[in-house]
Amino acid sequence: MSQEHPSEADPYAVLKNNDSAFWADAVADAVEARNPEEPMVIKGGVSPSGIPHIGHPNEILRGYFVAEALRDRGREVRQVFTSDDRDRLRKLPRRLANLDGEIVGLGEIDAGALGRNLGRPYTDIPDPFGCCDSYGDHFTELLRRDMERLGVEVDFRSNTALYEVGAFDDVIRHVLANQDRAREVLARYQDQIDEEYVPFFAICEDCGQLTETITAVDLEADTVSYRCTDVETGGDTIEGCGHEGTTALRNGKLPWRFEWPAQWGILDVDHEPFGKDHAEGSWPSGVDIARNVLDVVPPVPMVYEWFTLEGEALSSSGGHVVTVDEVLDILEPAVLRYFFSKAPLKQRDFSIERIDQLVDEFDEFERVYFGETDAPERERVRAERAYPKVVEAVREKRVRIPYTFAAVLGMTDDPDLREEIARREGHVPDDAPEWAVEEALARVERARNWARRTGNEFDYELKRSAMPDVSFDEATEQALDELAEFVAEGHDGEAIQGEIYETAKRHDIEVADFFAAGYQLFFDDDEGPKLGPFLGKLDQQFVVERLRRKG
RNA sequence: GGGCCGGUAGCUCAGUCUGGCAGAGCGACGGACUCUUAAUCCGUCGGUCGCGUGUUCAAAUCGCGCCCGGCCCGCCA
């Protein structure tokens with residue numbers, strides 16, 4: 001048995017007492033210090049209770065960075081993720097999502113049918129969308145797809161499947177054979193642990209609910225007897241059916257505080273990151289139970305902080321969530337991975353409104369890695385360690401169009417025009433390889449999605465195919481004709497901008513009103529991007545005809 | 001009520017381990033340009049490092065007390 005690591009008493013210790021520029025190296029140090037057998041195992045896990053949101057990747061990406069840090073040292077590492085899908089459904093989520101990530105309210109599915117499954121394991125509940133084998137499989141599949149999009153290779157393991165194939169058999173028998181010891185240790189963390197308490201829940205053969213009232217244990221026959229009684233969950237009561245029966249050990253589960261350390265033993269886990277909610281409840285009891293009931297060595301722990309969304313706590317039940325899928329519509333996977341590479345203990349806000357700041361920060365981080373900008377030593381080292389783990393491939397020739405400029409380019413749908421303007425503005429070097437140009441322009445589409453989603457100051461759409469319905473007074477019409485003439489002579493954007501001003505003055509039109517006329521013609525709006533330079537970048541014939549109100 | 005984590009410029013964040021000039025980007029403002037507007041370039045502005053206190057030649061950094069936010073201290077996971 002390996003000796004106790006200081007982090008067992010304090011799961012924050014791993015991240016605090018270290019001088020690594022990149023936190024994952026500190027965790028990797030702690031993992032290596034235990035001399036684990038290879039492949040080393042890094043685990044995460046959650047219950048598939050509903051739509052996976054932007055907080056869930058913490059559970060996998062934190063471990064991913066540690067895995068990569070260990071691989072840098074030549075270690076073989078496997079990442080596993082348990083879908084804790086034998087947990088019971090405790091309450092109905094307000095919103096669900098189909099496999100395409102489209103969110104639907106409870107009202108759009110058969111909520112009554114779903115509600116009759118309260119208290120049953122997720123894997124025993126029919127998929128409300130009818131596409132997967134169960135409710136649990138459905139939401140696990142959504143998370144699996146998110147991880148695929150993020151490009152992290154993880155071995156998903158169904159907890160239910162582990163029970164069914166007997167992976168838990170030995171540990172369940174051990175716990176049930178040493179119930180006094182189990183109760184004694186658990187009682188240090190939970191009240192109401194009396195002689196009647198049996199650390200095992202059975203699935204009622206009549207109604208399918210997980211019941212906690214175990215009346216007898218027969219380790220010769222590998223069965224337990226139970227009475228299906230009411231279950232209290234967070235103030236609500238799920239009624240039991242009263243059935244009394246006897247069922248196999250594989251047809252049940254360990255309570256969480258035993259199940260977690262049992263997973264460590266079964267999967268031979270060397271490291272596991274977890275949210276701060278586990279740091280003071282489950283972790284200490286998990287260590288105690290692992291050491292003193294199961295004879296299992298706890299993994300190296302790491303606590304990560306939760307982050308907020310637009311300044312407020314994420315809330316699945318309250319609907320204040322954003323999915324990985326939605327986020328990847330507006331930024332590259334590398335940027336999202338970058339977000340999760342930052343110090344785990346800082347409380348951070350994830351803001352869609354200001355996502356441009358995150359992207360800018362990533363671009364700068366990338367420049368630091370390639371030595372294209374000055375940076376303090378510590379930041380340089382961090383970039384050196386973290387950057388290769390954040391991107392799909394380290395390629396110095398990559399091209400990044402600044403995010404807000406990409407949003408400006410997104411005002412036109414024309415891909416050729418987007419590229420032409422980007423090149424003219426110097427955001428795409430002449431010698432940029434084709435793949436780099438393609439990827440750079442992909443950001444334009446994402447920035448466009450962002451502008452549209454937030455309805456921000458970049459959310460303008462060039463009305464190219466059809467002229468908006470407009471009418472102007474005579475002076476304005478004459479001024480527009482003159483401006484058309486000027487554009488037809490061939491001037492650059494700066495000159496056009498000046499001429500807009502001049503033309504307005506000549507016709508005694510308020511400058512602001514004349515700009516507004518231009519915005520109406522091109523954007524069907526009263527405001528928009530800086531008009532002269534924007535028109536200067538469009539093709540001249542189109543601009544001239546539009547100014548003449550000829551389509 | 002007790003414990004844990006966080007709090008640094010308007011915003012997003014480095015820096016805190018190991019005390020040594022308060023930092024970056026974005027932003028705002030002014031200019032480059034007869035110009036209300038994105039981008040580009042130049043310049044300027046920007047701080048009670050949550051508050052107080054102790055230690056020290058020296059504190060964002062170490063100690064103590066407090067404030068604010070999140071989480072844990074029932075059950076569940």
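Here the structure is a predicted model, which means the values were calculated and not measured.
B/C4 is paired with B/G70 under the criterion used here, namely a Watson-Crick or G-U wobble arrangement in which both key atom distances are under 3.5 Å. Under the Watson-Crick and G-U wobble criteria, each requiring two contacts below 3.5 Å, nucleotide B/G47 is left unpaired. Checking B/U18 for Watson-Crick or G-U wobble geometry (two distances, each under 3.5 Å) identifies no partner in any strand. The base-pairing partner of B/G52, taking Watson-Crick or G-U wobble contacts with both distances under 3.5 Å, is B/C64. Base pairing annotation: B/A77 forms no Watson-Crick or G-U wobble pair, as no partner gives both donor-acceptor distances under 3.5 Å. The pairing partner recorded for B/A24 is B/U12, the criterion being a Watson-Crick or G-U wobble arrangement whose two distances lie under 3.5 angstrom. Look at B/G30: its Watson-Crick or wobble partner, with both distances under 3.5 angstrom, is B/C42.
Taking a cutoff of 4.0 Å between a charged side-chain nitrogen and a carboxylate oxygen, A/Lys342 and A/Glu361 qualify as a salt bridge. A/Glu332 has no carboxylate O lying under 4.0 Å from a charged side-chain N of A/Arg337, or vice versa, which leaves the two without a salt bridge. The existence of a salt bridge linking A/Arg367 and A/Glu364 is confirmed by a sub-4.0 Å separation between a basic side-chain nitrogen and an acidic carboxylate oxygen.
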**OP:** Would you check, one step at a time, whether the test salt bridge (Lys or Arg N to Asp or Glu O under 4.0 Å) holds for A/Arg183 with A/Asp194?
**Re:** CA-CA 8 Å; A/Arg183 276 192 286 265; A/Asp194 54 25; over 6 Å; no
**OP:** Show your reasoning for whether side chain to side chain donor-acceptor pair (under 3.5 Å) applies to A/Glu482 and A/Thr503.
**Re:** CA-CA 7 Å; A/Glu482 276 185 33; A/Thr503 309; 5.2 Å; no
Original post:
Please walk me through it: do A/Asp349 and A/Thr308 pass side chain to side chain donor-acceptor pair (under 3.5 Å)?
Top reply: CA-CA 5 Å; A/Asp349 186 46; A/Thr308 52; 2.7 Å; yes
Atom pairs under 3.5 Å, N or O on each side, protein against nucleotides 25-31 of chain B: can you list them with distances?
none

Report all interatomic pairs (protein N or O, nucleotide N or O of nucleotides 37-41 of chain B) with separations under 3.5 Å.
from  : atom 1 : to       : atom 2 : distance (Å)
B/U37 : O2'    : A/Lys530 : N      : 2.8
B/U37 : O2     : A/Gly528 : O      : 2.6
B/U37 : N3     : A/Tyr519 : OH     : 2.4
B/U37 : O4     : A/Tyr519 : OH     : 2.9
B/A38 : N1     : A/Lys537 : NZ     : 2.6
B/A39 : O2'    : A/His427 : NE2    : 3.3

Show each protein N/O and nucleotides 60-63 of chain B N/O combination with a separation under 3.5 Å, one pair to a line.
none

Just the table, please: protein N/O against nucleotides 1-6 of chain B N/O, every pair under 3.5 Å.
from : atom 1 : to       : atom 2 : distance (Å)
B/G3 : N2     : A/Glu280 : OE2    : 2.3
B/G3 : N3     : A/Glu280 : OE1    : 3.4
B/C4 : O4'    : A/Glu280 : OE1    : 3.4
B/C4 : O2'    : A/Tyr12  : OH     : 3.2
B/C5 : OP1    : A/Lys16  : NZ     : 2.1
B/C5 : O2'    : A/Glu305 : OE2    : 3.3
B/C5 : O2'    : A/Leu345 : O      : 3.4
B/C5 : O2     : A/Gln347 : NE2    : 3.2

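On the P atoms, B/G46 is 16 Å away from B/G30, given to the nearest whole Å. B/C66 and B/G2 have their C1' atoms separated by 16 Å, given to the nearest Å. Across the P atoms, B/C33 and B/C42 are found 15 Å apart, a figure rounded to whole Å. Separation of the P atoms belonging to B/A9 and B/U61 is 15 Å when rounded to the nearest angstrom. Rounded to a whole angstrom, the distance from the C1' atom of B/G19 to that of B/C29 is 37 Å. Distance noted for atom C1' between B/A77 and B/C72: 14 Å (whole Å). Taking the C1' atoms as reference points, B/C71 lies 26 Å from B/G52, given to the whole Å. Here the separation of B/C41 from B/G47, taken at their P atoms, is 26 Å to the nearest Å.
Protein atom CZ of A/Phe274 is 13 Å distant from nucleotide atom C1' of B/C71, rounded to whole Å. With rounding to whole Å, A/Leu358 atom CG is found 11 Å from B/C13 atom C1'. At whole-Å resolution of the value, CG in A/Asp277 and P in B/G74 are 16 Å apart. Summarising the geometry, the separation between NZ on A/Lys91 and C1' on B/A77 is reported as 12 Å, rounded to the nearest angstrom. Atom C1' of nucleotide B/C33 and atom OH of A/Tyr501 are separated by 12 Å, given to the nearest angstrom. Rounded to a whole Å, the CD atom of A/Glu312 is 12 Å from the P atom of B/C71. Rounded to whole Å, atom P of B/A77 lies 9 Å from atom CH2 of A/Trp256. The distance from atom CG of A/Asp349 to atom P of B/G70 is 14 Å, rounded to the nearest whole Å.
Projected onto RNA chain B by closest heavy-atom contact, A/Ala21 and A/His278 fall at different nucleotides, the more 5' of which corresponds to A/Ala21.
Cation-pi contact between A/Lys43 and A/Trp264: absent, since separation from the ring centre below 6.0 Å together with deviation from the ring axis within 45° is not met. Cation-pi geometry between A/Arg464 and A/Phe542 is met: the NZ or CZ atom falls under 6.0 Å from the ring centre, inside 45° of the normal. No cation-pi contact links A/Arg506 to A/Tyr501, judged by a cut-off of 6.0 Å to the six-membered ring centre and 45° from its axis.
Separation of atoms CZ (A/Phe458) and OH (A/Tyr403) is listed at 10.0 Å; rounding is to 0.5 Å.
Applying the ring pair (Phe, Tyr, Trp, His ring centres under 6.0 Å) test to A/Phe350 and every residue at least two apart in sequence or in another chain returns A/Phe339.
Within 4.0 Å (heavy atoms only), A/Glu502 reaches at least one base atom of the nucleic acid. No engagement by A/Trp260 is indicated, since no non-hydrogen atom pair under 4.0 Å with the nucleic acid exists.
Counting only N and O atoms by type, the side chains of A/Gln209 and A/Asn117 include no donor and acceptor under 3.5 Å apart.
Between A/His278 and A/Trp260, the ring planes are tilted. Angles from 30° to 60° get that label. Between A/His427 and A/Phe405, the ring planes lie tilted relative to each other; the angle falls in the 30° to 60° range.
In the set B/C71, B/C75, B/C13, the nucleotide with an atom closest to the side chain of A/Lys342 is B/C13. Across B/U12, B/G15, B/C76, the shortest atom-to-atom separation from the side chain of A/Arg382 is found for B/G15.
Here A/Arg354 reaches the OP1 or OP2 of B/U12: one of its side-chain N or O atoms lies under 4.0 Å away. A/Gln190 has a side-chain polar atom (N or O) that falls below the 4.0 Å cut-off from OP1 or OP2 of B/C76.
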Which side-chain N or O atoms in residues 375-383 of chain A pair as donor and acceptor under 3.5 Å with protein atoms at least two apart or in another chain?
from     : atom 1 : to       : atom 2 : distance (Å)
A/Glu377 : OE1    : A/Arg380 : NH1    : 2.6
A/Arg378 : NH2    : A/Ser20  : O      : 3.2

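For A/Ser49 against B/A77, no side-chain N or O and base N or O form a donor-acceptor pair under 3.5 Å.
Note: A/Tyr369 and A/Phe365 fail the aromatic proximity criterion, with ring centroids not under 6.0 Å apart.
Of all the heavy atoms in A/Lys253 and A/Arg86, the pair that sits closest is CD-O, 3.5 Å.
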